[in-house]
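Computed over heavy atoms, backbone and side chain alike; hydrogens, waters and symmetry mates excluded. A note on names: the letters A, B, ... follow the listed sequences, proteins ahead of strands, and every chain is numbered from 1.
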Number of protein chains: 2
Amino acid sequence: MGDTTGTTARRRPGLTRERVLRRAVEIADQDGVTALTMRRLGDDLGVEAMSLYHHVRGKDGILDGAVEVVLDELHDAVSRAAAPPGEGGWRDAIRVRILAARTVMLRHRWAPQVMESRNVMTLSAARHVDGVVALMRAGGLSWDLVHHGLHALGSRIYGFTLELGEPEGGDDETQAMLSQIAPQIPNLVAMFMEVAHDDPDSTLGWCDDQTEFEFGLDLVLDGLERLAAKA
Amino acid sequence: MGDTTGTTARRRPGLTRERVLRRAVEIADQDGVTALTMRRLGDDLGVEAMSLYHHVRGKDGILDGAVEVVLDELHDAVSRAAAPPGEGGWRDAIRVRILAARTVMLRHRWAPQVMESRNVMTLSAARHVDGVVALMRAGGLSWDLVHHGLHALGSRIYGFTLELGEPEGGDDETQAMLSQIAPQIPNLVAMFMEVAHDDPDSTLGWCDDQTEFEFGLDLVLDGLERLAAKA
DNA sequence: AGATAAGTCTTACGCCGTAAGGCCGATCGG
DNA sequence: CCGATCGGCCTTACGGCGTAAGACTTATCT
């Protein structure tokens, strides 16, 4: 009380929560989230690891903060991409928002993992979801349908779906083992052959992430739209 | 060569890969995957941590193996649940399989996290997917639609979807903060109020996982069915 | 009986997150 | 102007992690 100047700071910090978190995101972007270590982060900032604790709650605080940075970035991207209200249907409006969110997530490949591994329902996350909810409501969906719809979208609402077990058939060993077990999964093999045939110039990694993401997204949005129309 | 008895074992092991992995799963089930550590696992088996390395590739091998155990369990459950072929549509047949898979995942809450965090495309996983592919093909879906369908299902095919940020509004602090930011997420708040009103006896955790899982699953399966019919 | 080799244990290293406390220097009350 | 105050940073240390290296133990085979 009686804080005349409005600041009680006795010394100007060389470090800042912002600076710490921004560098944390950079490290995770460049070298993966496992490289994001208190000592490494301190080194990168020209500081001892323990000094970080004056600006951040600890490792968990850094992870939370890094996600927060990404979500802010997501918010910006979504805001820029959002069409003025009242143009087109709710379905396409949501589609645009989510695809904008996805462009951010693609810049921070570690973020999905981290977000899934902890309870991320911060203000920035909630505001993004809130925006989608608003569009659904404006489109005439019932609260109940909105609720189920959010669950159906799942993490897709943030622009990502964690993918299990891409083929990854690079090295000879993998190839050999694959041909070993191929008889036990004939349908999968047939599918690979067929789809690879359609798109010859891709020996591996032949699944187009963007296409598959949009396919799944549209499947869900179409389903919701149909349920909304039926009601 | 010339191994007359068929076994070269010089000494009966007190440990076994199977015993190690089974205990690993039990630890993860009981105390979470962070409690699954080499020393802890060794202790539980009455053995030093380093002894485990003669039966398992290391920590990664244990994690992979534990997932493998779960996937085998999943395979059993799915096999038992699978209707004899030719009964009913492919859609419902797949639905039954996936819901059976889900019962297994609910017994091993750590498994989704671990499965997402590494490339799980082992034989048991592949066979499960292969079975779903077979049903889709029998139902007349094109290879292309099958492929997209797998992506759309995502990890739901294994019976789980990782959920982001359940409300979790237990303690007073959370409640206070929530009422603080409520004005910034009016639509979400309205939805919570409405849905909570429909189901009064649930102050929190009011999202029925099973219901939501099935809703999302049906949304995807319905979408695929419609696309298949249109072709 | 001696050799062999698998199974287990011992020791040790370099990481990790962080608790506890000391030092420095900018700011403020007098 | 000066000494108290306290925020910012550093030092040291602890316990836990995964695992490399190698010694010991013991069941089996020749």
Side-chain angles (χ1 to χ4, degrees), chain A residues 1-25 27-28 30-67 110 113-114 117-118, chain B residues 1-25 27-28 30-67 110 113-114 117-118:
Chain A
M1 335 194 175
D3 202 17
T4 54
T5 63
T7 171
T8 326
R10 296 310 186 91
R11 184 181 173 188
R12 193 89 66 66
L15 244 42
T16 306
R17 183 180 146 83
E18 299 236 335
R19 244 169 60 78
V20 170
L21 295 182
R22 214 143 16 98
R23 195 76 196 93
V25 169
I27 291 175
Q30 291 169 18
D31 300 335
V33 74
T34 68
L36 178 51
T37 237
M38 300 301 274
R39 288 172 171 84
R40 163 73 190 277
L41 183 51
D43 281 359
D44 276 30
L45 291 165
V47 131
E48 296 301 315
M50 288 309 293
S51 302
L52 303 171
Y53 283 77
H54 282 262
H55 305 272
V56 151
R57 233 185 37 256
K59 182 70 181 291
D60 277 2
I62 289 179
L63 254 29
D64 287 343
V67 168
W110 52 274
Q113 280 276 352
V114 176
S117 73
R118 55 195 44 233
Chain B
M1 340 197 167
D3 203 20
T4 55
T5 64
T7 170
T8 326
R10 297 309 184 94
R11 183 183 173 186
R12 194 91 66 65
L15 245 42
T16 307
R17 184 181 145 84
E18 298 235 337
R19 245 168 59 75
V20 170
L21 295 182
R22 215 142 17 96
R23 194 78 195 91
V25 169
I27 291 175
Q30 290 169 19
D31 301 334
V33 74
T34 68
L36 177 51
T37 173
M38 300 301 275
R39 289 171 171 84
R40 162 73 189 275
L41 182 51
D43 280 0
D44 275 31
L45 292 165
V47 131
E48 295 302 312
M50 288 308 294
S51 302
L52 303 171
Y53 283 78
H54 281 261
H55 304 272
V56 148
R57 234 185 37 255
K59 182 68 183 292
D60 277 2
I62 288 179
L63 254 29
D64 287 344
V67 168
W110 52 273
Q113 280 278 350
V114 175
S117 72
R118 55 193 47 232

Hey, could you give me the [atom1]/[atom2] distance between [X] and [Y], rounded to the nearest 0.5 Å?
X     : Y     : atom1 : atom2 : result
A:L36 : A:Q30 : CG    : CD    : 11.5 Å
A:R40 : A:R23 : CZ    : CZ    : 6.5 Å
B:L52 : B:I62 : CG    : CD1   : 5.5 Å

How close or far is atom [atom2] of [N] from atom [atom1] of [X], stated in whole angstroms?
X     : N      : atom1 : atom2 : result
B:L41 : C:dT8  : CG    : P     : 13 Å
B:R40 : D:dG15 : CZ    : C1'   : 17 Å
B:R17 : C:dA6  : CZ    : C1'   : 18 Å
B:L15 : D:dA27 : CG    : C1'   : 17 Å

Apply side-chain contact (heavy atoms from CB on, under 4.5 Å) to A:W110 and A:V25, showing your working. CA-CA 9 Å; A:W110 52 274; A:V25 169; 4.0 Å; yes
Give, ordered by number, those residues of residues 52-65 of chain A having at least one heavy-atom distance below 4.0 Å to an atom of DNA chain C; if nothing qualifies, reply none. A:Y53, A:G58, A:K59
Can you check side-chain contact (heavy atoms from CB on, under 4.5 Å) on B:L63 and B:R118, steps first, answer last? CA-CA 9 Å; B:L63 254 29; B:R118 55 193 47 232; 3.5 Å; yes
Could you give me the CA-CA distance, side-chain angles and deciding distance for B:Q113 and B:V33, then say whether side-chain contact (heavy atoms from CB on, under 4.5 Å) is met? CA-CA 9 Å; B:Q113 280 278 350; B:V33 74; 5.8 Å; no
Name every residue in residues 42-50 of chain A that has at least one heavy atom under 4.0 Å from any atom of DNA chain D, in order of residue number, or write none if there are no such residues. A:V47, A:E48, A:M50
Is any side-chain nitrogen or oxygen of A:T37 closer than 4.0 Å to OP1 or OP2 of C:dC15? no
Between A:R39 and A:S51, just flag the one whose closest nucleotide in DNA chain D comes earlier from the 5' side. A:S51
Is B:H54 close to B:L15 at the side-chain level, that is, under 4.5 Å between some pair of heavy atoms? no
Please list, chain by chain and in numerical order, all residues satisfying side-chain contact (heavy atoms from CB on, under 4.5 Å) with A:R39, sequence neighbours excluded. A:T37, A:A49
